[in-house]
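Taking it in order: structure first as structure tokens, then the write-up.
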There are 2 protein chains.
Amino acid sequence: MALTQTAETRYSKPILVAVNKPFDDEDGLKALRSHPLFSELNGKDLQHLIQQSRRLRPGHHQLLYRQDMPAHHFFFVTSGRLRLYRLDSSGIDRTLDSIAPGDCFAEVMIYADPPRYACYAEALKSSEVLMIPVKAYQDMIESNPKYAQAALRHYAKRAVSRFHDLEIMTVQNARDRLIRYLIDLLPNGAEEGGEVELPLPKCLVASRLAMQPETFSRILADLKANGLVRVNRSRLFISDPQRLIEISQ
Amino acid sequence: MALTQTAETRYSKPILVAVNKPFDDEDGLKALRSHPLFSELNGKDLQHLIQQSRRLRPGHHQLLYRQDMPAHHFFFVTSGRLRLYRLDSSGIDRTLDSIAPGDCFAEVMIYADPPRYACYAEALKSSEVLMIPVKAYQDMIESNPKYAQAALRHYAKRAVSRFHDLEIMTVQNARDRLIRYLIDLLPNGAEEGGEVELPLPKCLVASRLAMQPETFSRILADLKANGLVRVNRSRLFISDPQRLIEISQ
DNA sequence: GGGAGTAATTGACCTAACTCAATTATTTAC
DNA sequence: GTAAATAATTGAGTTAGGTCAATTACTCCC
């Protein structure tokens, strides 16, 4: 596999630059087709888009882009796990989002002006990612305006979901933020209990929720002691979400 | 002015229901035309949209909608000041955004499914707001696909800006969140100093930044004592943003 | 313009959450 | 498979920021 390495940071492995490699994976293609940004595309347009894209296979801690870099591509994940984060002047690393297979990321930069990445993106384990040129997608939408409807729905949904993330962060205490975060991970929300898998290692969930790893650990230990969650590594079992919500009044 | 009052809450004045009233205000129309969601529309389409819309004139503490209500309209502000907030189970009120003339709000709900408002919206002073039926805007875009481009740019921008808001909230200490917030209010960012007006009363800025009003007051007093900001009511003068950033390492 | 209600400030006190440190698990890399 | 690196947990001590309370300053009405 032909890869070249460019710039490096003291926090992560160097940025990965892919040499063209066909995206012919059956499962990957299927996943792509089921994403709202691509599901409306006809076979020819999708094929054309894929031809202009490149496949990346970043490993653990490998950077895909860094904040403030010009954004010429956006990404679709077919396997693995990634995270978005920012670094402030004192080098503190703040996790903003986790990315799973089937997700798109940096896609909002398609219409940013100037198009620069708003954060860093790194793989948390070996992943496979399709790197799509912004221009290719834009051109396609422009030449086929009916595609814009689906994109519009996607972008609006993304804005709503960021708004929701923001809402959690206005909760003033760490315990309640964590509870809100866990409830959101449940497939049916607060409706019924279930098992959830933390999408990030605990120390990064802590960072995402603006608390220290020690605080995260203590809160979780306390919820466990009170029979509110059962913990097995990064899998949590929540039998009664309503009770969790009650104690977070 | 013909208005009817419906449901009420213990937090705000009742929701305002407008009876049709033409939107023929020169300045208002001009403001609307300069918003990305409307600037591309031709005169006829814009006129048609306005005809289907209603004008509201909410007063202080008047509610425009409440969270979880079905969202049939979105809004454009021509004068005044509003805020978006959520209420949690214990009745704590968390401010999520401030809205100024020239802004649109609840517009992301156009493509939500199901379309329900994600928060409350209330006027902070007498304001004038255009209430646009979601369906009217959707129909117009669908019949005129080239309009979708501008909408797409707007939605993407909105998603980026929510992401940025989220980023501030991952900052762990109250002082640094406040500093980041102030820098963002400066017209040129950290580039050069200037005067900023808080878009919300101080107690609501505190709520927006997940801190208590007392904490806000103390931090601001401290920044003032250190010559970092000069304070005059809700107007703050920041002469040296770089110094502010430095101390927030 | 005066009174009611709300917002802002300040002090004293307290506690949630941070820091530092040491130990034990768990991953990752060779 | 084993060593090295990283993540998680737990304890002890400290502090930022929350809480409660009292005072002052605004703002919005009538």
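Note on naming: letters A, B, ... go to the chains in the order of the sequence lines (proteins, then strands), and numbering restarts at 1 for each one. Because the structure is predicted, anything quoted here is derived from the model rather than measured.
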Spacing of CG belonging to A:Leu124 relative to NE2 belonging to A:His61, to within rounding of 0.5 Å: 7.5 Å
Side-chain N or O of A:Ser217 closer than 4.0 Å to phosphate OP1/OP2 of D:dA8: no
Derivation and outcome, side chain to side chain contact (heavy atoms under 4.5 Å, CB included), residues B:Arg208 and A:Leu166: CA-CA 10 Å; B:Arg208 176 53 244 280; A:Leu166 176 65; 3.7 Å; yes
Selected nucleotide, minimal atom distance to A:Met211 side chain, candidates D:dA8, C:dC18, D:dT10: C:dC18
Interatomic distance, A:Leu220 CG vs D:dT10 C1' [rounded to whole Å]: 14 Å
A:Arg81 CZ to C:dT27 C1', straight-line distance once rounded to whole Å: 17 Å
Interatomic distance, A:Arg175 CZ vs C:dA16 P [rounded to whole Å]: 9 Å
Evaluation steps, side chain to side chain contact (heavy atoms under 4.5 Å, CB included), between B:Arg177 and B:Ile219: CA-CA 11 Å; B:Arg177 283 200 302 281; B:Ile219 293 171; over 6 Å; no
Along DNA chain D (nearest heavy atom to each residue), the more 5'-positioned of B:Thr215 and A:Lys224: A:Lys224
Salt bridge (Lys or Arg N to Asp or Glu O under 4.0 Å) between B:Arg180 and A:Asp88, intermediate numbers included: CA-CA 11 Å; B:Arg180 291 290 313 267; A:Asp88 56 28; over 6 Å; no
C:dT9 phosphate, OP1 or OP2, under 4.0 Å from B:Lys202 side-chain N/O: yes
Criterion side chain to side chain contact (heavy atoms under 4.5 Å, CB included) on B:Cys119 and B:Tyr85, from CA distance to verdict: CA-CA 6 Å; B:Cys119 60; B:Tyr85 67 100; over 6 Å; no
B:Tyr65: which of B:Tyr120, B:Phe75, B:Phe74 passes ring pair (Phe, Tyr, Trp, His ring centres under 6.0 Å): B:Phe75
Selected nucleotide, minimal atom distance to B:Cys203 side chain, candidates C:dA8, D:dT10, C:dC18: C:dA8
Which nucleotides of DNA chain D pair, in dot-bracket form (Watson-Crick or G-U under 3.5 Å, | meaning another strand): ||||||||||||||||||||||||||||||
Residue that, paired with A:Arg83, satisfies salt bridge (Lys or Arg N to Asp or Glu O under 4.0 Å) out of A:Asp93, A:Asp103, A:Asp97: A:Asp93
d(CD1, B:Ile219; C1', D:dG17) in whole Å: 8 Å
Contact under 4.0 Å: B:Gln212 side-chain N or O vs D:dT19 OP1/OP2: yes
5' priority, DNA chain D, between B:Lys125 and B:Arg177 [closest heavy atom]: B:Arg177
Distance-only donor-acceptor test (3.5 Å): side chain A:Glu214, base C:dC20: yes
Whole angstrom value for the distance that separates C1' of C:dA16 from CG of A:Asp222: 12 Å
Length of the line joining A:Asp176:CG and D:dG17:P, which is rounded to integer Å: 18 Å
Evaluation steps, side chain to side chain contact (heavy atoms under 4.5 Å, CB included), between B:Val108 and A:Phe163: CA-CA 10 Å; B:Val108 291; A:Phe163 189 69; over 6 Å; no
Length of the CG-P vector between A:Leu204 and D:dA7, whole Å: 7 Å
Using a cut-off of under 3.5 Å, enumerate the N/O to N/O pairs linking the protein to nucleotides 12-16 of chain D.
from	atom 1	to	atom 2	distance (Å)
D:dA12	N6	A:Arg218	NH2	3.4

B:Ile132 backbone acceptor or donor facing B:His73 side chain under 3.5 Å: no
Atom-to-atom span, NE2 of B:His61 to P of C:dT6 - whole angstrom: 7 Å
Heavy-atom neighbours of A:Glu197 CD exceed 12 at 6.0 Å: yes
Sugar-phosphate, base or nothing in reach of B:Pro213, heavy atoms under 4.0 Å: nothing
